[in-house]
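Worksheet: one structure, shown below.
All figures in this text were calculated on a predicted structure; none of them were measured in a lab. Each chain gets a letter, A, B and so on, in the order its sequence line appears, and its residues count up from 1.
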2 protein chains.
Amino acid sequence: MGRSSQSKAKENRAQIVQTASRMFREAGVENVSVAQIMAANGMTVGGFYKHFESKDALIEEAFSLAFEQSREAWDEVYSRADEASQDRAAILVRQYLRNSSAKNRCPLLAFAPGVAVTESERPGAHEYAEGAKSLLDKFMKEKVGGLCDPAHPTDADNEALVIFAAMVGARLLAQSVGQQSWIQAMEAAVNMAVIKH
Amino acid sequence: MGRSSQSKAKENRAQIVQTASRMFREAGVENVSVAQIMAANGMTVGGFYKHFESKDALIEEAFSLAFEQSREAWDEVYSRADEASQDRAAILVRQYLRNSSAKNRCPLLAFAPGVAVTESERPGAHEYAEGAKSLLDKFMKEKVGGLCDPAHPTDADNEALVIFAAMVGARLLAQSVGQQSWIQAMEAAVNMAVIKH
DNA sequence: TGTACATCAGTGAACGCGCGTTCACTGATGTAC
DNA sequence: TGTACATCAGTGAACGCGCGTTCACTGATGTAC
């Protein structure tokens with residue numbers, strides 16, 4: 001087991017980020033060790049630092065990748081939705097609320113900071129904020145046809161913001177409370193709201 | 001420094017739970033050690049296990065206390081609000097969104113599980129779920145005059161659920177994204193929604 | 001009330017564990033001639 | 001093309017650290033007489 005070729009090494013690096021992104025979403029950043037990530041790729045822990053400066057650096061890349069893939073998934077939902085049919089944003093919301101398996105967990109929730117700490121202290125805080133903004137932008141673009149001016153939101157902007165916040169909040173509460181009837185009521189409620197507006 | 005009196009010991013125990021509840025909300029359960037909690041009460045770590053079986057047991061009590069104090073705070077907001085004036089739930093929502101200091105952080109967010117794990121694995125999961133349900137119950141009671149049947153929600157139930165979810169989701173996104181203009185827009189949006197309905 | 005003893009709240013050092021990180025080493029890959 | 005050497009991706013043991021927990025000990029409190 002000596003050196004890998006440059007192309008293989010590059011491939012390994014990408015694999016590590018992808019695996020970490022998945023494992024972080026499934027179990028949380030704190031509950032996944034560097035050694036576990038390497039083992040999941042059939043490697044040992046020592047080699048990790050040939051690719052990354054630290055675990056925090058990996059967290060940043062893994063966060064960015066997770067949000068990127070979420071954006072792609074949202075685009076796919078949009079593209080599958082019949083252009084002429086009902087509100088496409090409503091379809092996204094429905095998908096979002098349904099799709100609560102561990103593997104596909106939304107990074108907005110999986111990486112959410114339970115507590116707010118100074119940005120420099122929390123690894124990946126910058127990437128999380130950027131990713132959250134990008135998903136919100138994508139939602140607003142579809143819902144109200146473009147980014148609103150945060151300083152002067154229109155009524156339509158505000159309605160869309162509420163639905164976005166409710167969508168995220170509903171899934172947070174649903175997965176926490178873990179009572180099926182409440183989850184269904186939450187989903188029905190958000191679905192109703194998104195259709196009405 | 002020998003034994004404390006029984007009443008003093010009981011007082012110390014209550015202080016530990018109160019201090020832990022505050023520190024957990026400020027910095028997160030994972031980022032506060034047993035030794036730190038004891039030091040904050042002017043004690044050393046060894047005595048902790050005369051009061052609690054484990055850190056997990058303290059977490060459970062601290063969670064319950066935090067939710068209990070949140071319920072009391074909500075009651076106080078309700079009682080201060082003029083009975084005859086506008087929607088009292090709207091006042092609560094406004095308070096909730098404004099009150100984002102670290103010390104008063106809502107346990108719904110501070111203790112939110114970023115990832116869903118089996119209930120037995122995550123300390124305090126039961127207390128969190130119960131606390132979340134109790135706050136939702138209190139909100140629904142004020143907003144639609146009583147607990148709705150989760151299996152057959154009315155339209156008013158659904159609207160209240162959306163506002164509750166949006167309130168929580170908005171604060172989660174606001175503290176994460178940390179961009180003041182977005183926070184204000186989020187608050188304006190939720191305020192508008194709660195007043196309209 | 002006073003005395004002798006048992007109790008036990010609190011002490012602080014030590015233990016065990018998992019984690020992030022380091023390091024000397026290996027051997028296949030890349031490169032210069 | 002072949003050969004000699006340098007490079008460096010990956011290995012796996014070891015280190016340092018913080019944490020939850022344990023334990024022998026202390027001495028004021030509680031209790032029995």
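What separates NE2 of A:H51 from P of C:dT21 is a distance of 16 Å, to the nearest Å. Atom-to-atom, CZ of A:F52 to C1' of D:dC8 comes out at 16 Å; the value is rounded to the nearest Å. For the pair B:D56 CG and D:dG20 C1', the interatomic distance rounds to 10 Å; values are reported in whole Å. Remark: P of D:dC19 and OH of B:Y49 are 12 Å apart, rounded to the nearest angstrom. Atom-to-atom, CD of B:E30 to C1' of D:dG20 comes out at 13 Å; the value is rounded to the nearest Å. Rounded to whole angstrom, the span from the NZ atom of A:K10 across to the P atom of D:dC8 amounts to 17 Å. The CE atom of A:M38 sits 7 Å away from the P atom of D:dG10 (whole-angstrom rounding). Separating the CD1 atom of B:I16 from the P atom of D:dG20 is a distance of 14 Å, rounded to the nearest angstrom.
Of the listed nucleotides (D:dT11, D:dG10, C:dG10), C:dG10 has the atom at the smallest distance from the side chain of B:K50. Closest contact between the side chain of B:S5 and the listed nucleotides D:dG10, D:dG12, D:dT29 involves D:dT29. Nearest nucleotide to the B:N12 side chain, out of D:dG20, D:dG12, C:dG10: C:dG10. Here the side chain of A:V45 is nearest to one of C:dA13, C:dT11, D:dG12, namely D:dG12.
Looking at heavy atoms from C-beta onward, A:F48 lies in side-chain contact with A:L58 at the 4.5 angstrom threshold. Under the 4.5 Å side-chain criterion, counting only non-hydrogen atoms from C-beta, B:Q69 is in contact with B:L65.
Where B:A9 and A:G2 each meet DNA chain C at their nearest nucleotide, the meeting point lying more 5' is that of B:A9. Positionally, the nearest nucleotide of DNA chain C for A:Q36 lies more toward the 5' end than for the other of A:E53 and A:Q36.
With salt bridges taken as basic N to acidic carboxylate O contacts below 4.0 Å, one links A:K8 and A:E11. Ionic pairing of A:E142 and A:K138 is not present here: no N-O contact between side-chain nitrogen and carboxylate oxygen is shorter than 4.0 angstrom.
Residues B:N41 and B:I16 share a closest heavy-atom pair of ND2-CA, 3.6 Å.
Below the 3.5 angstrom threshold, one finds no donor paired with an acceptor across the side chain of B:K55 and the base of D:dG20. At a cut-off of 3.5 angstrom, the base of D:dT7 holds at least one donor-acceptor pair with the side chain of A:R3.
Contacts between residues 57-65 of chain B and DNA chain D, counted as heavy-atom distances below 4.0 Å, involve no residue at all.
Between B:F164 and the options B:V168, B:L161, B:V162, a side-chain contact (heavy atoms from CB on, under 4.5 Å) holds for only B:V168. Remark: of the listed residues B:H51, B:E61, B:Q18, B:E61 is the sole one forming a side chain to side chain donor-acceptor pair (under 3.5 Å) with B:R13.
Under the 3.5 Å distance criterion, with hydrogens and angles disregarded, no donor-acceptor pair is assigned to the side chains of A:S134 and A:D137.
Every residue two or more places apart in sequence or in another chain that forms a salt bridge (Lys or Arg N to Asp or Glu O under 4.0 Å) with A:E130 is listed here: A:K133.
Stem regions annotated for DNA chain D: C:2-33 with D:2-33, counting only runs of 3 or more consecutive pairs of Watson-Crick or G-U type with both contacts under 3.5 Å.
Relative to the six-membered ring of B:F111, B:R25 misses at least one condition, a distance below 6.0 Å or an angle of at most 45° to the axis.
The shortest distance between the side-chain N/O atoms of B:S4 and the OP1/OP2 oxygens of C:dG10 is below 4.0 Å.
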